[in-house]
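The next block holds one structure in the form of structure tokens; read it before the comments.
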Number of protein chains: 2
Amino acid sequence: MSHQKIKIPLVEDYLSVYKCLGELTRLRILNLLKHGPLCVCHVQDVLGEPQPKVSKQLAYLKRHGVIESLRHANWTIYRLSGEPGSILAQNLKCLEDGAFQESVFLEDLERLRQVDTSAACLPGEG
Amino acid sequence: MSHQKIKIPLVEDYLSVYKCLGELTRLRILNLLKHGPLCVCHVQDVLGEPQPKVSKQLAYLKRHGVIESLRHANWTIYRLSGEPGSILAQNLKCLEDGAFQESVFLEDLERLRQVDTSAACLPGEG
DNA sequence: AATAAATATTCACTTGAGGGAATATTCACT
DNA sequence: AGTGAATATTCCCTCAAGTGAATATTTATT
């Protein structure tokens, strides 16, 4: 078992969710995490943003229950924490068909594909 | 024909839409307008918020192409400007099933029902 | 043209969010 | 215990957004 569930109540408050989604770095992070868990350094590499910036936005999302974290050796793995059907899940679905088609997000995914293969800090899944 | 279409390009930028949705007054306004056009004074009455505050948020939403305005005598009528299928429309649909079930929004609708009947400044619809 | 109602805008203020640089923390390894 | 890598946090700064009070604008009415 790779991810122990440290349950933080999901925001069931739309306003919070929209605020989470209303910032580019956070949207980019969610776009990435939609494709699977990632450690901070990978997010950082893919986004090309400074470490504190990434770390802070991850903390923000975690604080609002949108993502969960798991310590794995020296790395912190983040992943989406939404149950299917949750507010966030609904919105991410909307995003999938729309926003995430925008070039910023596609480019991120392209870079993710390159980083992801040589992943050394990914937890054994399954 | 009641609403002449003064076309302002709809925001096809998710970030902008989420920012529009990420503020309580604006969410409340959209919840109201989802049930039909309204003049400023009605919005104001229903929300119980000061006139400049309401007017500014309406201006914000209009500036971002989310709503349209129409002058009708002394009143300004606002209504949603989204085409079906637009980003906003999708999100409003999400909202309909979820956020707008929260008490704030339900209470607003209750107050809207009372105000709406005695409407003197509504444009002749249909 | 003067007035009043409805709405928009300006101004001044405050607050919170985001950013970078630096520092602290946590963990593995020796 | 000491070191280095990965991550988190703090400090400080700046800027944008929201707010209320006051004022301007628009329109109908007289």
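Below, chains carry the letters A, B, ... as their sequence lines are ordered, and counting in each starts from 1.
Between B:Gln44 atom CD and C:dA6 atom C1' the separation is 9 Å, expressed in whole Å. In this structure, B:Trp75 atom CH2 and D:dT27 atom P are separated by 13 Å, rounded to whole Å. Between the CG atom of A:Leu21 and the P atom of C:dA17 there is a distance of 16 Å, rounded to whole Å. Here C:dA17 presents its P atom at 14 Å from CG of A:Leu61, a figure rounded to the nearest Å. Remark: P of C:dA8 and CD1 of B:Ile77 are 10 Å apart, rounded to the nearest angstrom. In this structure, A:Arg63 places its CZ atom 9 Å from P of D:dT9, rounding to the nearest Å. Rounded to whole Å, the distance from CG on B:Leu70 to P on C:dT7 is 12 Å. In this structure, the CG atom of A:Leu15 is 15 Å from the P atom of C:dG16, given to the nearest Å.
Pair assignment for D:dA8 gives C:dT23, based on Watson-Crick or G-U wobble hydrogen-bonding distances that are each under 3.5 Å. Remark: D:dT3 base-pairs with C:dA28; criterion is Watson-Crick or G-U wobble with both hydrogen-bond distances under 3.5 Å.
Of all heavy-atom pairs spanning A:Ile29 and A:Leu61, the tightest one is CG2-CD1, 4.0 Å. Here the closest non-hydrogen pair linking A:Leu80 and A:Leu30 is CD2-CD2, 3.6 Å. In plain terms, the two heavy atoms of B:Val54 and B:Gln44 that are nearest each other are CG2-CA, 4.0 Å.
Shown here are the side chain to side chain donor-acceptor pair (under 3.5 Å) partners of B:Lys53, two or more places apart in sequence or in another chain: B:Glu49.
Considering only side-chain N and O atoms, A:Thr76 lies nowhere under 4.0 angstrom from the phosphate OP1 or OP2 of D:dA6. Put simply, A:Tyr78 has no side-chain N or O that comes within less than 4.0 Å of OP1 or OP2 on D:dA6.
Among the protein residues, A:Ser55 comes within range of the nucleic acid bases, having at least one heavy atom under 4.0 Å from a base atom.
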Are any protein N/O atoms closer than 3.5 Å to N/O atoms in nucleotides 10-20 of chain D? If there are, list each pair with its distance.
unit_1: D:dT10; atom_1: O4; unit_2: A:Lys56; atom_2: NZ; d: 3.3
unit_1: D:dG18; atom_1: OP1; unit_2: B:Arg26; atom_2: NH1; d: 3.0
unit_1: D:dG18; atom_1: OP1; unit_2: B:Arg26; atom_2: NH2; d: 3.1
unit_1: D:dT19; atom_1: OP1; unit_2: B:Lys53; atom_2: NZ; d: 2.8
unit_1: D:dT19; atom_1: OP2; unit_2: B:Gln57; atom_2: NE2; d: 3.4
unit_1: D:dG20; atom_1: O6; unit_2: B:Lys56; atom_2: NZ; d: 2.4

Detail all sub-3.5 Å separations between protein N/O atoms and N/O atoms belonging to nucleotides 27-30 of chain C.
unit_1: C:dC27; atom_1: O2; unit_2: A:Asn74; atom_2: OD1; d: 3.4

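Annotation: cation-pi geometry not satisfied between A:Arg28 and A:Phe105 (NZ/CZ under 6.0 angstrom from ring centroid, within 45° of ring axis).
Side-chain atoms of A:Gln51 and base atoms of D:dA8 include a donor and an acceptor less than 3.5 Å apart.
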